[in-house]
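Report on one structure; see the data block that follows.
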There are 2 protein chains.
Amino acid sequence: MPGVQPSPPTPAVTSLRGVAAGRGCEFCGLRPRCLPAGLEGEHLAGFARAMPRARRLRAGEHLFRVGDPFESLFAVSRGCLKSYAVDAEGREHVLNFYFPGELAGADAIYPEQHMANAIALEDSVVCVLSYRTLGQLAVVTPELQQQLLRLVSRDLFSMATIAGDFTAEERLAAFLVMVSARLRGSGDAPTRLDLAMSRQDIASYLRLATETVSRILARFQRNGLLKADRRRILLIDPAGLYEIAACMNPYARCAEDRRPRHVRPFRSA
Amino acid sequence: MPGVQPSPPTPAVTSLRGVAAGRGCEFCGLRPRCLPAGLEGEHLAGFARAMPRARRLRAGEHLFRVGDPFESLFAVSRGCLKSYAVDAEGREHVLNFYFPGELAGADAIYPEQHMANAIALEDSVVCVLSYRTLGQLAVVTPELQQQLLRLVSRDLFSMATIAGDFTAEERLAAFLVMVSARLRGSGDAPTRLDLAMSRQDIASYLRLATETVSRILARFQRNGLLKADRRRILLIDPAGLYEIAACMNPYARCAEDRRPRHVRPFRSA
DNA sequence: CGACTAGTTGAGGAATTTCAAGCGGTGTGG
DNA sequence: CCACACCGCTTGAAATTCCTCAACTAGTCG
């Protein structure tokens, strides 16, 4: 069975306030990119009070599965998750990865049940956001409603990035650029990546064979673009990778450079 | 101009619905699937009064282009549109099609500008929905907020359907099943399709060469699954096509079986 | 009528997959 | 602590899907 990860023996569901620090949203470094972004004063306090219930996930533990009723959105606080579907032939298709500051589960809003599985790729922490409560808060907090829509829309964005018909090299380069951008906290995009996902996950996500991912990484390495040792990737020439992926404009570029509120005019190559 | 339907050679202002006919959303047959779904009484009247401005598009006319500031969402009332991006090498990538009852432009919420172009594939009518006004209405109309999120989430759904790694046959079969399902008004899924999109559009959307689309359609025809004459497709064995596409469960299935349901507002238990 | 475009069909070729084998960490049991 | 097995990853060779190139057909429009 593909995709079976080492399962921890215990569910390990702890109820801790806020994020890794164990405090409320007010003190969370991810807040500018998370749902309560833009909230202030009483709105923020109200959100922090009402909303987040933290849940820890061990690597390999599922956050939700196909068929689960949709009740909550999940803001990734620490770690990394993947969502995937298993088709009728048993093949696994990775649909998306979720990094800290991102929102998982939004694709279940419409069907009102989860159509995909989500699993932690490493030990992770998510904030469980009751969708009902979220809705109640959103109608009295326009900024929250706005941010919720923004974050759901962002998923469209990330899906469109890899939806197109590109070569394996282009997609893999774009993947690395994208991961680097999405792993960035508040500073610059990191050049050292410790990927949480396996080659197989990457391959499935990019619609490639795992061997192809290996081969292209090796090629990138030969060409001095990066240094790859298992899941540790060193981006030696990020600009070069970016160049390879640049054909995927405008999506690749925007996915990387996106910062809230500041819109740069589009300029085609 | 290409893309004109064989049936009505004239500008074809046949039976316009609701807004497009100069009447409000109250009388629009698409309402159960559109944004004001679930609204009643004063809420509905308020929405109908404040919101929709109809816009007609000739085949080949653009609704928006890359770089346009994001100001409105667009509910397709009649016709069909495609969204597409042009990469740095000048290749066009079709990202999505929009059928009556569907919402275009949601992928621009996050970046606050359009990252793709949208063009009418045939003479079409869309309802222009000012996003600002929409947001103002949504904070006082929980059902509207809910439906807005649902419709944006649905886009995630349709993208996930073809995101996976499937064979050309599977994707094309899934495409036909999907179009049939999405063209369905309130009745059954039609078995006669008058596609608004060219083979090239289909191919780009499915990440195939146009020749491959032709060949596979011919193969389907030889196998008695359908009858294809240019853009007129007769689904002779919908179940057979469904079978071929069924490997794409759960997405294919749900995209098809999804029926508009009464929206449960947040507050009701 | 004749040019033009969309679509079809065939042959050859290329990118990627599949099959197969081997490498190298990591964990486990002796 | 070491031997062994396992798993993720890599690499090579053969196979295959799908693409590219090319020619052709049939509608469409001036």
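Only this structure's heavy atoms are used, side chains among them; waters, hydrogens and symmetry mates stay out.
- Closest to the side chain of Thr167(B), out of dC18(D), dT8(C), dT17(C), is dC18(D).
- OP1 or OP2 of dT10(D) sits under 4.0 Å from a side-chain N or O of Arg199(A).
- Atom-to-atom, CZ of Arg230(B) to C1' of dT9(C) comes out at 14 Å; the value is rounded to the nearest Å.
- For Arg215(A) and dG12(D), a side-chain-to-base donor-acceptor distance below 3.5 Å is present, hydrogens and geometry of angles not being considered.
- An end-to-end axis angle of 30° holds for the helix from dC1(C)-dG30(D) to dG30(C)-dC1(D), taken from five base pairs per end and rounded to 10°.
- Annotation: Glu169(B), atom CD; neighbour count of heavy atoms from other residues, nucleotides and ligands within 6.0 Å is above 12.
- Rounded to whole angstrom, the span from the CD1 atom of Ile216(B) across to the C1' atom of dC18(D) amounts to 9 Å.
- Salt bridge present: Arg192(A) and Asp194(A) bring a charged side-chain N and a carboxylate O closer than 4.0 Å.
- Ring-centre distance between Tyr98(B) and Phe74(B): not below the 6.0 Å cut-off.
- Taking the six-membered ring for Trp and the full ring otherwise, Tyr205(B) and His93(B) have centroids separated by 6.0 Å or more.
- A close approach under 4.0 Å does occur between a side-chain nitrogen or oxygen of Thr212(B) and OP1 or OP2 of dC19(D).
- Checked against dT9(C), dT18(C), dT11(D), the side chain of Ala209(A) finds its nearest nucleotide in dT18(C).
- Note on Ser198(A): every side-chain N or O is 4.0 Å or more away from OP1 and OP2 of dG8(D).
- Counting to the nearest Å, the P atom of dT18(C) and the CG atom of Leu208(A) are 11 Å from each other.
- Proximity of a side-chain donor or acceptor of Asp87(B) to a complementary backbone N or O of Glu89(B) within less than 3.5 Å is detected.
- Using a 4.0 Å heavy-atom criterion, one finds that Arg207(A) contacts the sugar-phosphate atoms exclusively.
- Remark: C1' of dC18(D) and CD of Glu170(B) are 14 Å apart, rounded to the nearest angstrom.
- Summarising the geometry, the separation between CZ on Arg231(B) and C1' on dG27(D) is reported as 12 Å, rounded to the nearest angstrom.
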Pair Ser204(A), Asp201(A) - check side-chain hydrogen bond (donor to acceptor under 3.5 Å, both in side chains), show working.
CA-CA 5 Å; Ser204(A) 172; Asp201(A) 289 333; over 6 Å; no

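- With hydrogens and angles left out, the side chain of Glu211(A) and the base of dC19(C) share a donor-acceptor pair within 3.5 Å.
- Following rounding to the nearest Å, Gln200(B) (CD) and dT8(C) (P) show an atom-to-atom distance of 13 Å.
- Distance Arg232(A) CZ to dT26(C) P: 11 Å, rounded to the nearest Å.
- Between Arg78(A) and Glu102(A) there is no salt bridge, since no side-chain N of the basic residue sits under 4.0 Å from a carboxylate O of the acidic one.
- Whole-Å rounding puts the Ile202(B) CD1 to dG7(C) C1' distance at 11 Å.
- Out of dT16(C), dT11(D), dC18(D), the shortest distance to the side chain of Ala218(A) is found at dT11(D).
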